[in-house]
S.K.: 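Input: one structure, supplied below.
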Amino acid sequence: MKRTIHRGAAIIAAGTAGALVLTIAPTAAADSGPSTAERVATVVERTTGTADISRDGQSGVTTPATADGTISAAAVDGSRISIRLPGAGSSNAAETGTGTIVYPGAAKNADLAVQPTAQGVRALITINNANAAKEYRFGLGLPDGATAEQLDGGGVLVTKGDDVLGMFDAPWAKDAAGEAVPTSYRVEGGALVQTVQFDENTSFPVVADPWWNTAWKWTKCAAAVAVAFFPAAKAYKAIKALGGAKETAKLLWGARTKGDFMKHAKKAGKNGAVEILGIAGVESYCFK
């Protein structure tokens, strides 16, 4: 797999250009010591689990040596994207035995972690108390011609023309009790910005994660809709009314439920939306 990062001038966050992507040594020691690193990893893994973490180096993910460095990850078409961490260079990486890479003290009152997965990579924020920042900016470096756009369901889809390169799944954040904390993304100035709306009543620490996912289910979803987008197909007129196969797939993927899709597919009409939901494969691949 190619290791070169392709940068799109319009989408790269300021300061990303020229940044080196470094491979972390398994024995790298964090400045704050292994006990702190293990504490951060325990907090993160209590929320994410460890079952999907890639430990064999086959994920195609390259992680930085410091918390202000850049993750490099594969896209569906074999190109690369980069994700710049929002931490400080004084926080060094420490890799745990479970594959979680942590950056203790990466930001004021917050730690960072990275988990390579079989289909992408998670960049995790651990917010330790109410004095921490509520916004975290992840600079994006995308292939030339690629764009990032937000879906109705909260996720961010990365495309190049009609090709889907992957997506950042809808954001989530959970407190120490496992309760959801309101969170959202916006794409701004070549960066993915995650806002976490905790308050003084939140049970800390809070864990939140942008997850870059090469989205094989999205590919199947888009393919199912594309197969039904021809004049003789039952759902053809409904798909056309929504702007074509790609736009219809985006609405389906952005919806959390069939009911959500019905609300966002008004241009297709109620019967048209039902016809789209009846396309073979849509139920299996287009809803999480």
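All values derive from a computational prediction rather than experimental measurement.
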S.K.: What's the separation between atom OG1 in Thr96 and atom CZ in Arg55, rounded to the nearest 0.5 Å?
M.R.: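 Thr96 OG1 to Arg55 CZ: 8.0 Å, rounded to 0.5 Å.
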
S.K.: For the side chain to side chain contact (heavy atoms under 4.5 Å, CB included) test, which of Val121, Thr117, Asp169 pairs with Asn213?
M.R.: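 The residue from Val121, Thr117, Asp169 that satisfies side chain to side chain contact (heavy atoms under 4.5 Å, CB included) with Asn213 turns out to be Asp169.
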
S.K.: Applying side chain to side chain donor-acceptor pair (under 3.5 Å), name anything that partners Glu45, two or more places apart in sequence or on another chain.
M.R.: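 Listed in chain order: Thr98, Thr100.
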
S.K.: Shortest non-hydrogen contact from Pro205 to Thr126?
M.R.: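 Answer, listing the atom of Pro205 first, then Thr126: CB-CG2, 3.8 Å.
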
S.K.: Ignoring hydrogens and angles, tell me if any N or O in the side chain of Ser82 forms a donor-acceptor pair with the backbone of Thr70 under 3.5 Å.
M.R.: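 Here the side-chain-to-backbone pair does not exist.
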
S.K.: Taking Trp212 for its side chain and Ala74 for its backbone only, find out whether a donor-acceptor pair lies under 3.5 Å.
M.R.: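 Judged by distance alone, yes, a pair lies under 3.5 Å.
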
S.K.: Could you give me the CA-CA distance, side-chain angles and deciding distance for Ser54 and Val61, then say whether side-chain contact (heavy atoms from CB on, under 4.5 Å) is met?
M.R.: CA-CA 9 Å; Ser54 177; Val61 173; over 6 Å; no

S.K.: Calculate, to the nearest 0.5 Å, the distance between atoms CG and OG1 belonging to Leu140 and Thr147 respectively.
M.R.: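 Leu140 atom CG to Thr147 atom OG1 measures 11.5 Å (nearest 0.5 Å).
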
S.K.: The criterion is side chain to side chain contact (heavy atoms under 4.5 Å, CB included); which residues satisfy it with Ala67, sequence neighbours excluded?
M.R.: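 Expected list: Ser91, Tyr103, Ala106, Leu112.
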
S.K.: In sequence, state the C-alpha distance, the side-chain angles, and the governing distance for Gln115 and Trp211, and then conclude on side-chain contact (heavy atoms from CB on, under 4.5 Å).
M.R.: CA-CA 9 Å; Gln115 291 177 336; Trp211 183 15; over 6 Å; no

S.K.: Could you measure the distance from the CG atom of Leu85 to the CG atom of Asp68? Nearest 0.5 Å is fine.
M.R.: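 Output value for this atom pair is 8.5 Å.
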
S.K.: Just grab all the salt bridge (Lys or Arg N to Asp or Glu O under 4.0 Å) pairs involving residues 106-133, residues at least two apart or on different chains.
M.R.: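 Pairs touching residues 106-133 that pass the test: Arg39-Asp111, Asp52-Arg122.
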
S.K.: Go through it in stages, so that I can follow the logic: the residues are Phe168 and Phe138, the test is ring-ring contact (aromatic ring centres under 6.0 Å, His included), and I'd like the CA-CA distance, side-chain angles, deciding distance and then a yes or no.
M.R.: CA-CA 12 Å; Phe168 291 94; Phe138 296 84; 8.4 Å; no

S.K.: Just jot down the side chain to side chain contact (heavy atoms under 4.5 Å, CB included) partners of Thr257, sequence neighbours excluded, or say none.
M.R.: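 Applying side chain to side chain contact (heavy atoms under 4.5 Å, CB included) to Thr257 gives Asp260.
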
S.K.: Are the side chain of Thr248 and the backbone of Gly244 linked by a donor-acceptor contact shorter than 3.5 Å?
M.R.: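 Confirmed, Thr248 side chain pairs with Gly244 backbone.
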
S.K.: Are side-chain heavy atoms of Ile239 and Ile279 found at a separation under 4.5 Å?
M.R.: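 Answer yes - side chains close enough.
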
S.K.: Check whether any side-chain N or O of Lys246 sits under 3.5 Å from a backbone N or O of Gly161 as a donor-acceptor pair, and report yes or no.
M.R.: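 Yes, the answer is positive, given that a donor and an acceptor are paired below the 3.5 Å cut-off.
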
S.K.: Spell out, as yes or no, whether a donor-acceptor pair under 3.5 Å connects the side chain of Lys174 to the backbone of Val181.
M.R.: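 No, because the side chain of Lys174 does not come within donor-acceptor range (under 3.5 Å) of the backbone of Val181.
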
S.K.: Do the non-hydrogen side-chain atoms of Glu149 and Thr159 ever get within less than 4.5 Å of each other?
M.R.: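 Touching, per the 4.5 Å side-chain cut-off.
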
S.K.: Between Thr42 and Glu38 (side chain of the first, backbone of the second, donor and acceptor by atom type, cut-off under 3.5 Å), is there such a pair?
M.R.: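 Yes; at least one donor-acceptor contact below 3.5 Å.
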
S.K.: Does anything in residues 182-191 pair up under side chain to side chain donor-acceptor pair (under 3.5 Å), and if so which pairs, sequence neighbours excluded?
M.R.: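 Qualifying pairs, neighbours excluded: Glu135-Arg186, Arg137-Glu188, Thr183-Gln194, Arg186-Glu188.
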
S.K.: State the SG-NZ distance between Cys286 and Lys220, to the nearest 0.5 angstrom.
M.R.: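 That separation rounds to 12.0 Å.
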
S.K.: Report yes or no: do Asn131 and Asn109 form a side-chain donor-acceptor pair below 3.5 Å?
M.R.: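 Asn109 and Asn131 do not have a side-chain donor-acceptor pair below 3.5 Å.
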
S.K.: Do the charged groups of Lys237 and Glu275 touch, with an N to O distance under 4.0 Å?
M.R.: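 No, Lys237 and Glu275 are not salt-bridged.
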
S.K.: Drop me the distance from Met167's CE to Lys250's NZ, to the nearest 0.5 angstrom.
M.R.: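 Met167 atom CE to Lys250 atom NZ measures 11.0 Å (nearest 0.5 Å).
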
S.K.: Would Lys134 pass as a cation-pi partner of Phe198, given that its NZ or CZ must be under 6.0 Å from the six-membered ring centre and within 45 degrees of the axis?
M.R.: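 Judged by the rule, Lys134 and Phe198 form a cation-pi pair.
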
S.K.: Got more than 12 heavy atoms from elsewhere within 6.0 Å of CG, Asp199?
M.R.: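 Count over threshold, so yes.
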
S.K.: Once rounded to the nearest 0.5 Å, what's the spacing between atom CG of Leu192 and atom OH of Tyr136?
M.R.: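 Answer rounded to 0.5 Å: 14.5 Å.
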
S.K.: Which residues pass the ring pair (Phe, Tyr, Trp, His ring centres under 6.0 Å) test with Phe230, not counting sequence neighbours?
M.R.: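 Ring pair (Phe, Tyr, Trp, His ring centres under 6.0 Å) list for Phe230, sorted by chain: empty.
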
